[in-house]
Amino acid sequence: MPLAQAGVELVLVDAHPGMVAHLRRRLPRVEVHQGLIEELDRELEPERRFDLVLVPSNILDRADLLGAAARRLAPGGRLAFELTNPHWLVAGGSERFRVLELDRARARIEVDYPDGTLQEGELELVWPEQVEAWLAGAGLELARMFGHPAAELAESPTFYVVATPAPPPGSGS
Ligand SMILES: C[S@@+](CC[C@H](N)C(=O)[O-])C[C@H]1O[C@@H](n2cnc3c(N)ncnc32)[C@H](O)[C@@H]1O
């Protein structure tokens, strides 16, 4: 909403029909697509590219998803996304976001939602220490990485990554 209100031209994507209906209700003049980011070519012409791709909520936690988002960047574009912080999970999560099982690669979690729903799920883990190598696999390089304001790394439930397309090999930069 703040981006739309500031006059930023937006293209919105969500897999869930309920979220898509909600977005269309709140932003009737904005382009909204229903689909999985990893199958976006079915929805959006493959040549469409964006200066900024923003992905909240630990969605880009698999290489195919990261690659699908990276392919949508215009030259000089930026990909900004949020990941669950494995260090925060190791430190115990929170009362509403409980860790049931955890190893280096994944976590099984249980979440209490404000509407009273209880959901169990599995997360792929991307550790902040692995981010640069992981971005390189999608042809990206790290521009910035940070946690929540004023939180130590282990106290930040999620962290943010800003990446740019890596210069082609041999380009000298
Ligand atoms: C916590 S919600 C965030 C909703 C909203 N974008 C916001 O920031 O308030 C996460 C959303 O990601 C969507 N989602 C999860 N995996 C996805 C995927 N692979 N492709 C597209 N949307 C996905 C879900 O349908 C859900 O609406």
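Values below: every heavy atom of this structure, side chains too, minus hydrogens, waters and symmetry copies. First listed ligand is number 1; within each ligand, the first listed atom is number 1.
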- [ ] Decide, yes or no, whether a salt bridge links Arg24 with Glu31 under the criterion of side-chain N to carboxylate O below 4.0 Å.
- [x]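 No, no charged N to carboxylate O under 4.0 Å.
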Open item on the list: Please enumerate all residues that pass side-chain contact (heavy atoms from CB on, under 4.5 Å) together with Glu120, with sequence neighbours excluded.
Closed with: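 Here the qualifying residues are Leu100, Arg108.
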Task: Within one Ile-Leu-Val-Met-Phe-Trp-Tyr cluster: Leu40 and Phe50, side-chain cutoff 4.5 Å - done: yes
TODO: Evaluate the criterion ring pair (Phe, Tyr, Trp, His ring centres under 6.0 Å) for residue pair Phe159 and His87; output intermediate values, then yes/no.
DONE: CA-CA 10 Å; Phe159 65 104; His87 293 284; 8.4 Å; no
TODO: Sequence neighbours left out, what passes salt bridge (charged side-chain N to carboxylate O under 4.0 Å, His left out) with Glu9? Give chain and number order.
DONE: none
Open item on the list: Please list all pairs meeting side-chain hydrogen bond (donor to acceptor under 3.5 Å, both in side chains) that have one or both residues in residues 70-79, counting only residues at least two apart or in different chains.
Closed with: Asp41-Arg72
Which protein N or O atoms sit under 3.5 Å from any N or O of ligand 1? Give atom names and distances.
unit_1   : atom_1 : unit_2 : atom_2 : d
ligand 1 : 19 (N) : Glu38  : OE1    : 3.0
ligand 1 : 20 (N) : Ile37  : N      : 2.9
ligand 1 : 22 (N) : Ala15  : N      : 3.2
ligand 1 : 25 (O) : Asp14  : OD1    : 2.6
ligand 1 : 27 (O) : Asp14  : OD1    : 3.1
ligand 1 : 27 (O) : Asp14  : OD2    : 2.7

